[in-house]
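All heavy atoms count here, side chains included; hydrogens, waters and symmetry mates do not. Below, chains carry the letters A, B, ... as their sequence lines are ordered, and counting in each starts from 1.
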Amino acid sequence: MGAFLLWHGPLTQTCATAALVPPPRLTLHLRPSTPEAPMKIATFNINGIKARHPALIDWLREAQPDVALLQEIKSVDEAFPRELFEDLGYQVETHGQKSFNGVAILSKLPLEDITRGLPGDDGDEQARWIEATVVGERAVRLCGLYLPNGNPVEFDDTGAPIHEGKYGYKLDWMARMQARATELLALEEPFLMAGDYNIIPQDEDAAKPEAWRKDALALPESRAAFRRLLNMGFTEAFRARDAEPGQYSFWDYQAGAWPRNNGIRIDHLLLSPQAADLMQAVGIDKEIRGRDKPSDHVPVWVELAA
DNA sequence: ATGGCCGGTGGAACCGGA
């Protein structure tokens, strides 16, 4: 009713009511006649390409991302079933290893300047980082990442976590990632770093935050390292657009975590300032967690203006 | 209500995951 009255009224509506009112038709004529479609970029930890390719293909057909950054392909490059995705119109770039880890980029738009591996440690054999530039209406640098889990964590006599072993590797890896982010930020161009961060940023990102207090995914040192990235000027796409707690991207296979909605939000897209300015929409494709033979993660995506 | 898994490797259990 209010909307009906304001529709005919002068342009004196308040900010509070403006959101309820359809935009005046006139604005349609001020837009470009044929606006370019946004670029949809998703991250998805698939937990094994061999087991997941049917479900992955179903999701690609439905969600129609322009780019999918994949983690845990658990495959060497030669064994990745690239033809399945090329047949859907995707360029396929992989950085795999035997049995574990492994990342990949699928893109319907051309990819250029592909690099594999996170700089900063020539002795690191784990396949967790891949970069490429996707060329659409504009060029966007993409970093696909599978950040180390970091468990188990050992603690000293004072209860402080010891920065050794798997947890030390996680923190060292995050420092290397920050160094790479510093290089890319200096270019002042649109880019993003997306993947399985294995970081629960805040308590509101876990159904049972108390269960994660001494876990590498939520320890203060882990969260601080993630915040250091954000404080460089990145925008965490999902949280920037959706303030509701209790939204997750991972549900363990064990203990009925999915039917109980005992989830955590650990898959993130960090946008450079120039990319954040282009952000139009974000989402989590939660529904596919309930399908047959699902990954324990679900896709998280962002749309950037063309 | 309670307890509960899955993928890869390799060909039986075990590792790794989160």
Report summary line: Whole-Å distance, A/Asn262 CG to B/dC5 C1', equals 14 Å

Query raised in the report: Can you tell me how far P of B/dC5 sits from NZ of A/Lys293, to the nearest Å?
Result: 14 Å

Using the [atom1] atom in both, what is the distance from [N] to [M], to the nearest Å?
N      : M      : atom1 : answer
B/dC6  : B/dA18 : C1'   : 12 Å
B/dG7  : B/dG3  : P     : 24 Å
B/dG8  : B/dG4  : P     : 24 Å
B/dG10 : B/dG16 : P     : 14 Å

Restricting both atoms to N or O, compile the protein contacts to nucleotides 11-18 of chain B shorter than 3.5 Å, with distance only.
unit_1, atom_1, unit_2, atom_2, d
B/dG17, OP2, A/Lys166, NZ, 3.2
B/dA18, OP1, A/Glu72, OE1, 2.9
B/dA18, OP1, A/Tyr146, OH, 3.3
B/dA18, OP1, A/Asp196, OD2, 3.4
B/dA18, OP2, A/Tyr146, OH, 3.0
B/dA18, OP2, A/Asn198, ND2, 3.2
B/dA18, N9, A/Asn149, ND2, 3.4
B/dA18, N7, A/Asn149, ND2, 3.2

Could [X] and [Y] be called an ion pair, given the rule that one side-chain N must be under 4.0 Å from one carboxylate O?
X        : Y        : answer
A/Arg239 : A/Glu204 : yes
A/Asp203 : A/Arg213 : yes
A/Asp124 : A/Arg176 : yes

Report summary line: By side-chain hydrogen bond (donor to acceptor under 3.5 Å, both in side chains), A/Asn149 pairs with (sequence neighbours left out) A/Asn151

Query raised in the report: Looking for any heavy atom pair under 4.0 Å, which part of the strands does A/Ala51 touch: base, sugar-phosphate only, or nothing?
Result: sugar-phosphate

Query raised in the report: Under 4.0 angstrom, heavy atoms only, what part of the nucleic acid is A/Gly256 near: base, sugar-phosphate, or nothing?
Result: base

Query - Phosphate OP1/OP2 of B/dG10: any A/Lys50 side-chain N/O under 4.0 Å - result: no

Query raised in the report: What about A/Phe234 and A/Phe226, are their ring centers closer than 6.0 Å?
Result: no

Query raised in the report: Does a side-chain heavy-atom distance below 4.5 Å link A/Asp205 with A/Phe238?
Result: no

